[in-house]
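Shown next, in structure tokens, is the structure this report addresses.
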Amino acid sequence: MMDPVATDSSTPSTTRSARASQGPASSNTDKPRRARRTRMTGAERREQLLDIGRTLFADKGFEGTSVEEIAAKAGVSKPVVYEHFGGKEGLYAVVVDREMRQLLGMVTGSLTAGHPRELCEQAAFALLDYIEEYTDGFRILVRDSPIPQSTGTFASLISDIATQVEDILGQEFKTRGFDPKLAPLYAQALVGSVALTGQWWLDVRKPKKAEVAAHLVNLAWHGLDGLEPKPRLIGHRKN
């Protein structure tokens, strides 16, 4: 007599129940999915490249910055940079033009007071505000630009600001009996001294901004012979 053959005693229904109690079989779908990267619009990518370029140009200068580094930091390939700006020169030109317009707008927009001395204070504060808030931009502007800009150079920008101050000084010269034809000379001297002092203050950041503005206006307003021992600000702004 043959021995009975060993078989699985569980019935098909029992097996299905056991499998159901164990939960669904593991599969590739159980693995955590990678979060999809949100694709930037063309405008967003352009702004990203401008921000990255601005930081690199301020830190390393034009010559020390490469398209490869800009692209790597943006997580894109070099052709993307060329597509938006035509190359490093195009990106640099846009960065510089933006900064020059920002600075000129801040200075000209600040000249709202009626008293000439307070107007000088406002101009000094505007430049110092720009240096404080847009430090990278100022570092880029004060370097010699390696390529022509549609808005000119930093020197031409300072000249544009001086033209704004020139009108103010001309009116004050007439009131005081001075030759108004000399207003452009004094305007260049005043704005130039503020710009150079701003370059120095960019790194040292001492004394405080309001004190720097007070001393600049003290020199411009009184001259060396009439310097106040402790210069004060007459406008409403104190910091």
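Counting heavy atoms from C-beta outward, Thr197 and His215 have side chains that stay 4.5 Å or more apart. A heavy-atom distance below 4.5 Å is not found between the side chains of Leu219 and Ser193. Side chains of Gln102 and Phe138 form no contact here, defined as non-hydrogen atoms less than 4.5 Å apart. Two residues are said to be in side-chain contact when any heavy atoms from C-beta on lie closer than 4.5 Å; Met100 and Leu104 fail this criterion.
Residues passing the side-chain contact (heavy atoms from CB on, under 4.5 Å) test with Asp51: none are found, sequence neighbours excluded. Annotation: side-chain contact (heavy atoms from CB on, under 4.5 Å) contacts of Lys208 (sequence neighbours excluded): none. Here Glu133 pairs with nothing under the side-chain hydrogen bond (donor to acceptor under 3.5 Å, both in side chains) rule; sequence neighbours left out. In terms of the ring pair (Phe, Tyr, Trp, His ring centres under 6.0 Å) criterion, Phe125 has no residue partners (sequence neighbours excluded). By the side-chain hydrogen bond (donor to acceptor under 3.5 Å, both in side chains) test, Gln199 pairs with no residue at all, sequence neighbours left out. Residues passing the side-chain contact (heavy atoms from CB on, under 4.5 Å) test with Thr55 are Asp136, sequence neighbours excluded. Not counting sequence neighbours, the partners of Ala123 by the side-chain contact (heavy atoms from CB on, under 4.5 Å) test are Leu111.
Sorted by first and then second residue, the pairs that involve residues 230-239 and meet salt bridge (charged side-chain N to carboxylate O under 4.0 Å, His left out), not counting sequence neighbours, are Asp129-Arg237. The list of salt bridge (charged side-chain N to carboxylate O under 4.0 Å, His left out) pairs with a residue in residues 214-223, not counting sequence neighbours, is empty. Within the structure, the salt bridge (charged side-chain N to carboxylate O under 4.0 Å, His left out) test picks out the following pairs touching residues 161-178 (sequence neighbours left out): Glu172-Arg176. The side chain to side chain donor-acceptor pair (under 3.5 Å) contacts involving residues 112-121 comprise Thr112-Gln122, Arg117-His222, where partners must be two or more places apart or lie in separate chains.
For the atom pair CG of Leu49 and NZ of Lys73, the computed distance is 13.0 Å after rounding to the nearest 0.5 Å. Here the straight-line distance linking atom CH2 of Trp200 with atom CZ of Arg205 works out to 11.5 Å at 0.5 Å rounding.
In terms of hydrophobic clustering, with Ile, Leu, Val, Met, Phe, Trp and Tyr side chains grouped at heavy-atom distances under 4.5 Å, Val95 and Val142 are assigned to a common cluster.
Nearest heavy-atom pair, Ala162 versus Val191, reported as atom, atom and distance to 0.1 Å: CA-CG2, 3.7 Å. Counting all heavy atoms, side chain and backbone alike, Thr65 lies closest to Lys88 at O-NZ, 2.8 Å. Taking every heavy atom of both residues into account, Gly198 and Leu128 meet most closely at CA-CD2, 4.5 Å.
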### Query
What do the steps show when you test Tyr130 against Leu141 for side chain to side chain contact (heavy atoms under 4.5 Å, CB included), and what is the final call?
CA-CA 12 Å; Tyr130 174 79; Leu141 290 183; 3.5 Å; yes

### Task
Check the pair Tyr134, Arg54 against side chain to side chain contact (heavy atoms under 4.5 Å, CB included), reporting the backbone distance first and the verdict last.
CA-CA 10 Å; Tyr134 300 90; Arg54 183 175 180 269; 3.7 Å; yes

Tabulate below the donor-acceptor pairs under 3.5 Å that side-chain atoms of residues 178-186 make, not counting sequence neighbours, or state none.
| from | atom 1 | to | atom 2 | distance (Å) |
| --- | --- | --- | --- | --- |
| Asp179 | OD1 | Lys181 | N | 3.0 |

